[in-house]
Amino acid sequence: MDFSSLNLSNELQEAVSFMGFTKTTPIQEFAIPVIMKGRDLIASAQTGTGKTAAFVLPLLDMINKDNTHKKVKALIVVPTRELALQIDRDIQGISYFLPVTSLPVYGGGDGSEWTQERKALTEGVDIVIATPGKLLAHIKLGYVDFSRLQYYILDEADKMLDMGFYDDIMRITNQLPKKRQTMMFSATMPPKIKQMAQQLLNNPEEININLSKPAEGVLQAAYPVHDKDKIRLISHLLKDKLDYKRILIFTATKVQVNEIVRSLNKMGMNAHGISSDFAQSERQDILNRFKAARIRILVATDVLSRGIDIKNIDIIINYEVPRDAEDYVHRVGRTARAEQSGIALTLVNPTQMGDFEKIEKLIEQTVRKQKLPFAPDKTPAWNVTQKHRHHGKPRNKSFHHKKKNSRRK
């Protein structure tokens with residue numbers, strides 16, 4: 001579907017055209033008309049499919065058409081500061097020709113943002129994009145004014161529940177007007193998401209698109225390898241790939257980030273690390289340099305698996321198998337965005353083969369296993385013991401669009 005057929009304002013059509021987008025993605029095609037009709041919505045779509053624009057475009061259009069007061073009109077709640085900043089940047093870019101204002105509210109800064117956030121939450125800004133903890137800190141002081149709020153969006157709802165934000169979300173929701181339009185977006189649709197939707201949404205439309213599958217443009221492979229050989233393997237895989245300008249390596253812990261960076265730099269590979277230990281300004285500087293290809297290899301914890309919007313990441317390497325199978329989809333979703341191609345490689349030690357099989361069950365495909373290029377005979381045998389096997393039912397890989405009856409309590 002063309003964006004021109006969505007009945008968006010001329011200013012938004014111009015902004016979308018200027019950004020080079022002509023055709024909608026499936027989530028945009030189905031979600032935008034539902035939102036513009038004023039319906040509550042629960043929607044799931046894999047990472048990298050244009051989910052943010054699916055709610056930002058109609059939100060900007062509706063606010064622009066009804067700019068009657070200066071109070072907060074829309075609240076977007078997200079799990080991480082990176083995602084809050086990304087969505088705010090998207091809003092600023094798309095709404096360049098519109099009189100719509102937005103502000104991200106997130107923790108982890110140096111405290112200088114507090115006054116600006118308080119002013120916005122009391123005197124009014126059109127759209128607030130907030131992480132739960134920082135927003136609740138403001139709410140507890142009694143000055144936050146959501147009395148005129150019309151739109152409530154929970155983005156990456158599954159991740160927020162995984163991070164233990166359920167109680168925070170309910171506390172925030174209780175501060176909002178009962179009469180509002182509520183939208184939930186998620187990369188996955190586990191039962192706990194549907195249970196929360198029953199509490200928050202009023203007779204919502206439901207959209208599920210390609211649930212829990214990496215984008216088609218991702219070439220996936222797994223390397224059975226002992227931990228002691230992982231750095232050597234990475235070096236071997238990248239040594240003749242000088243045309244790869246952006247390489248993203250995910251690992252499990254902040255300690256591992258530092259160890260991997262030190263090992264790669266000893267080999268002259270220009271690696272930098274990033275984790276929640278870094279100040280926000282430092283993290284943003286590192287991301288900007290990575291985006292500009294001044295940093296070639298970025299090593300990160302899962303803090304970046306959602307909320308980073310950098311195009312043309314050539315290759316994703318999972319140094320460790322993600323603890324949660326769903327996180328694999330988010331990590332791999334950092335490459336092959338917007339119908340581009342990309343490569344995702346996972347380094348699997350013998351104790352993680354059962355965990356990797358769970359990932360294959362989730363994405364409904366067998367990932368190709370590769371022998372070690374420098375010592376094929378040293379490649380561990382792929383052996384998944386019965387106790388590690390996952391017996392869950394496979395997810396439905398087709399997309400469907402249906403109504404769901406539930407009610408807001």
Side-chain angles (χ1 to χ4, degrees), residues 1 3 5-8 24-59 61-62 74-79 83 87 149-162 165-166 169-170 172-173 176-216 306 325-326 329-330 333 362-364 392-409:
M1 176 186 290
F3 277 102
S5 64
L6 288 175
N7 199 31
L8 296 170
T24 60
T25 64
I27 185 62
Q28 294 163 358
E29 177 181 349
F30 287 113
I32 291 175
V34 172
I35 295 172
M36 293 182 70
K37 289 177 183 177
R39 292 290 306 276
D40 281 10
L41 173 68
I42 177 170
S44 66
Q46 66 197 55
T47 302
T49 56
K51 184 158 50 69
T52 300
F55 62 80
V56 165
L57 285 170
L59 187 63
D61 189 79
M62 294 184 296
L75 172 63
I76 304 172
V77 179
V78 298
L83 186 54
I87 293 175
L149 185 131
Q150 299 166 268
Y151 311 106
Y152 181 34
I153 298 170
L154 298 172
D155 193 21
E156 303 285 18
D158 54 345
K159 185 66 172 180
M160 285 196 283
L161 291 189
D162 290 343
F165 284 138
Y166 173 81
I169 290 171
M170 300 311 295
I172 292 168
T173 303
L176 307 180
K178 299 297 183 184
K179 186 178 180 181
R180 63 177 190 266
Q181 184 178 1
T182 305
M183 293 150 268
M184 285 177 57
F185 286 82
S186 178
T188 60
M189 195 68 72
K192 58 187 177 182
I193 289 293
K194 294 189 176 184
Q195 290 169 7
M196 188 165 71
Q198 291 178 342
Q199 296 177 283
L200 301 182
L201 306 181
N202 179 26
N203 189 29
E205 199 91 1
E206 181 178 328
I207 301 171
N208 291 341
I209 297 177
N210 288 339
L211 191 58
S212 295
K213 289 181 63 180
E216 291 184 1
R306 308 188 191 209
E326 302 286 2
V329 178
H330 293 289
L362 179 66
I363 65 176
E364 297 180 326
K393 295 180 180 179
R395 305 292 182 98
N396 182 3
K397 63 183 177 181
S398 62
F399 75 81
H400 60 279
H401 178 213
K402 66 179 182 179
K403 294 183 179 180
K404 177 182 177 181
N405 291 322
S406 63
R407 60 188 180 87
R408 180 191 301 135
K409 295 183 179 179

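Keep in mind it's a predicted model, so treat the numbers as computed, not measured.
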Item to check | Contacts of Thr52 that satisfy side chain to side chain donor-acceptor pair (under 3.5 Å) - sequence neighbours left out | outcome: none
Checklist entry - Do Asp155 and Lys51 come close enough that some side-chain heavy atom pair is under 4.5 Å? => result yes
Item to check | Test item: Leu176 and Thr182 side chains (from C-beta on) under 4.5 Å apart, heavy atoms | outcome: no
Checklist entry - Can you find a side-chain donor-acceptor pair between Tyr166 and Gln199 that sits under 3.5 Å? => result yes
Checklist entry - Just by modelled atom types, is the Ile35 backbone N or O under 3.5 Å from a matching donor or acceptor in the Gln181 side chain? => result yes
Item to check | Between CD on residue Glu205 and CZ on residue Phe30, distance to nearest 0.5 Å | outcome: 10.5 Å
Next on the checklist: Quick check: do Ile76 and Phe185 have side-chain heavy atoms less than 4.5 Å from each other?
Outcome noted: no
Checklist entry - Is Phe3 close to Leu57 at the side-chain level, that is, under 4.5 Å between some pair of heavy atoms? => result yes
Item to check | Test item: Arg39 side-chain N/O and Pro33 main-chain N/O as donor-acceptor pair under 3.5 Å | outcome: no
Next on the checklist: I'd like to know if the side chain of Asp40 reaches the main chain of Asn202, judged simply by a donor and an acceptor atom lying under 3.5 Å from each other, with no hydrogens or angles considered.
Outcome noted: yes
Checklist outcome for this item: Closest non-hydrogen contact found for Ser186 with Asp158 is OG-CG, 3.0 Å
Next on the checklist: So Leu75 and Ile172, do their side chains get closer than 4.5 Å, heavy atoms only?
Outcome noted: yes
Checklist entry - Residues two or more places apart in sequence or in another chain: which of them pass side chain to side chain donor-acceptor pair (under 3.5 Å) with Tyr152? => result Thr173
Checklist entry - Does Lys37 have any salt bridge (charged side-chain N to carboxylate O under 4.0 Å, His left out) partners at least two apart in sequence or in another chain, and if so, which? => result none
